[in-house]
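Everything below concerns the one structure shown next.
Positions are given from 1, in the same order as the sequence printed here.
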Amino acid sequence: MTQQTRNIVAAATCVAIVAAVLAYEVVATRPVREAVRAYSELVTVANRPDLSTADRLEAARPYFSARYLAAHTLETAREGGVVGLPRYINKNFQAWREGPAVWLCPSNRIGPVYQLVKEQGRWKFDGLVGVLRSRNVLVPASEPPE
């Protein structure tokens, strides 16, 4: 085997390894990315100024889990948005897998943590699970989801 052939084989091996690592990363992070996208869509729908109050609530309803809807009535907040749902997501948010669910801290890495669950093939908002404190200490909410 010539030096040029060895270089080509080594380069092809490196490219294959990088492609495999990238493919694994894409597959492994897909649930978190989908849940964050669903949460972002929910916040956008809940804050739409061009919709009436009733239309905003109806547009937001599919983004909430059945458990959340059974335990809470959807209402618009006085300052805008939906009661119990933050109005924005910070650019320094944190999201991670927690069992089959995805937990999301939409503030600047310290603050409320919400759960999103997959129902009927979509990620849906399932409510507050706790408050994230400094050093990643999670203080559970008084009524954690089952």
Side-chain angles (χ1 to χ4, degrees), residues 7-146:
N7 289 343
I8 291 172
V9 169
T13 302
C14 288
V15 167
I17 290 170
V18 168
V21 168
L22 181 61
Y24 172 77
E25 187 69 22
V26 167
V27 170
T29 62
R30 185 176 187 182
V32 174
R33 289 182 288 114
E34 288 176 347
V36 170
R37 183 179 309 116
Y39 178 80
S40 180
E41 290 172 3
L42 170 60
V43 169
T44 300
V45 166
N47 292 321
R48 283 188 57 186
D50 61 326
L51 294 177
S52 68
T53 299
D55 289 341
R56 266 192 293 152
L57 293 178
E58 275 309 305
R61 188 172 301 282
Y63 290 95
F64 290 94
S65 70
R67 189 197 70 79
Y68 185 87
L69 291 173
H72 302 87
T73 57
L74 292 182
E75 301 174 25
T76 55
R78 187 172 356 131
E79 64 277 356
V82 175
V83 172
L85 180 69
R87 296 209 49 207
Y88 69 96
I89 184 166
N90 189 288
K91 66 180 181 178
N92 294 322
F93 73 93
Q94 189 173 359
W96 65 96
R97 290 293 301 253
E98 191 67 36
V102 171
W103 287 7
L104 177 105
C105 180
S107 57
N108 194 3
R109 300 182 184 261
I110 294 177
V113 175
Y114 300 98
Q115 176 170 275
L116 288 102
V117 295
K118 195 154 193 174
E119 275 184 9
Q120 302 164 348
R122 306 177 56 163
W123 286 97
K124 297 187 177 195
F125 183 83
D126 197 43
L128 181 72
V129 291
V131 177
L132 193 62
R133 300 284 183 210
S134 61
R135 297 189 178 125
N136 282 338
V137 174
L138 182 73
V139 178
S142 59
E143 295 181 29
E146 287 126 16

Exercise. Just by modelled atom types, is the E25 backbone N or O under 3.5 Å from a matching donor or acceptor in the T29 side chain?
Worked result: yes

For this session: Taking R48 for its side chain and V43 for its backbone only, find out whether a donor-acceptor pair lies under 3.5 Å.
Result: no

Problem set entry | Flag side-chain contact, heavy atom, 4.5 Å: F93 against R109 | no

Exercise. Side chains of V26 and R33: does their closest heavy-atom pair fall under 4.5 Å?
Worked result: yes

For this session: Apply salt bridge (Lys or Arg N to Asp or Glu O under 4.0 Å) to R37 and list each qualifying residue two or more places apart in sequence or on a separate chain.
Result: none

Problem set entry | Nearest heavy atoms of P62 and K124, plus distance in Å | O-CE, 3.4 Å

Problem set entry | Residues Q115 and W103: side-chain donor-acceptor under 3.5 angstrom | yes

Exercise. Roughly how far, to the nearest 0.5 Å, is OG of S65 from CZ of R122?
Worked result: 12.0 Å

Exercise. Charged N to carboxylate O below 4.0 Å: is that the case for E119 and R67?
Worked result: no

Exercise. If you look at every heavy atom in A35 and L116, which pair is closest and at what distance?
Worked result: O-CD2, 3.6 Å

Exercise. What is the minimum heavy-atom distance between V36 and A95, and which atoms define it?
Worked result: CG2-CB, 3.7 Å

For this session: Return the minimal non-hydrogen interatomic distance between R133 and V139, and the atom names on each side.
Result: CG-CG2, 3.8 Å

For this session: Before giving the answer on side-chain contact (heavy atoms from CB on, under 4.5 Å), spell out for T44 and Y39 the whole-Å C-alpha distance, their side-chain angles and the decisive distance to 0.1 Å.
Result: CA-CA 9 Å; T44 300; Y39 178 80; over 6 Å; no

For this session: Could you check if a side-chain atom of K118 sits within less than 4.5 angstrom of a side-chain atom of P100, using non-hydrogen atoms only?
Result: no

Problem set entry | Candidate pair V113 and W96, rule side-chain contact (heavy atoms from CB on, under 4.5 Å), full reasoning | CA-CA 10 Å; V113 175; W96 65 96; 4.0 Å; yes

Pairs under 3.5 angstrom only: tabulate donor-acceptor contacts from the side chains of residues 76-90 to other protein residues two or more places apart or in another chain.
from, atom 1, to, atom 2, distance (Å)
R87, NE, N47, OD1, 3.1
R87, NH1, E79, O, 2.6
N90, OD1, N92, N, 2.7

For this session: Supply the atom-to-atom distance T53 OG1 to L74 CG, rounded to the nearest 0.5 angstrom.
Result: 12.5 Å

For this session: Measure from the ring center of F125 to the ring center of F64 and say whether it is less than 6.0 Å.
Result: yes

Exercise. Would you say Q94 and L132 make side-chain contact, with heavy atoms under 4.5 Å?
Worked result: yes

Exercise. For L51 and R56, which heavy atoms make the closest approach, and how far apart are they?
Worked result: CB-CG, 3.7 Å

Seminar exercise, completed: Looking only at heavy atoms, the pair that brings A101 and V117 closest together is CB-CG1, 4.2 Å

Exercise. Excluding sequence neighbours, so at least two apart, what forms side-chain contact (heavy atoms from CB on, under 4.5 Å) with P112?
Worked result: S107, Y114, L128

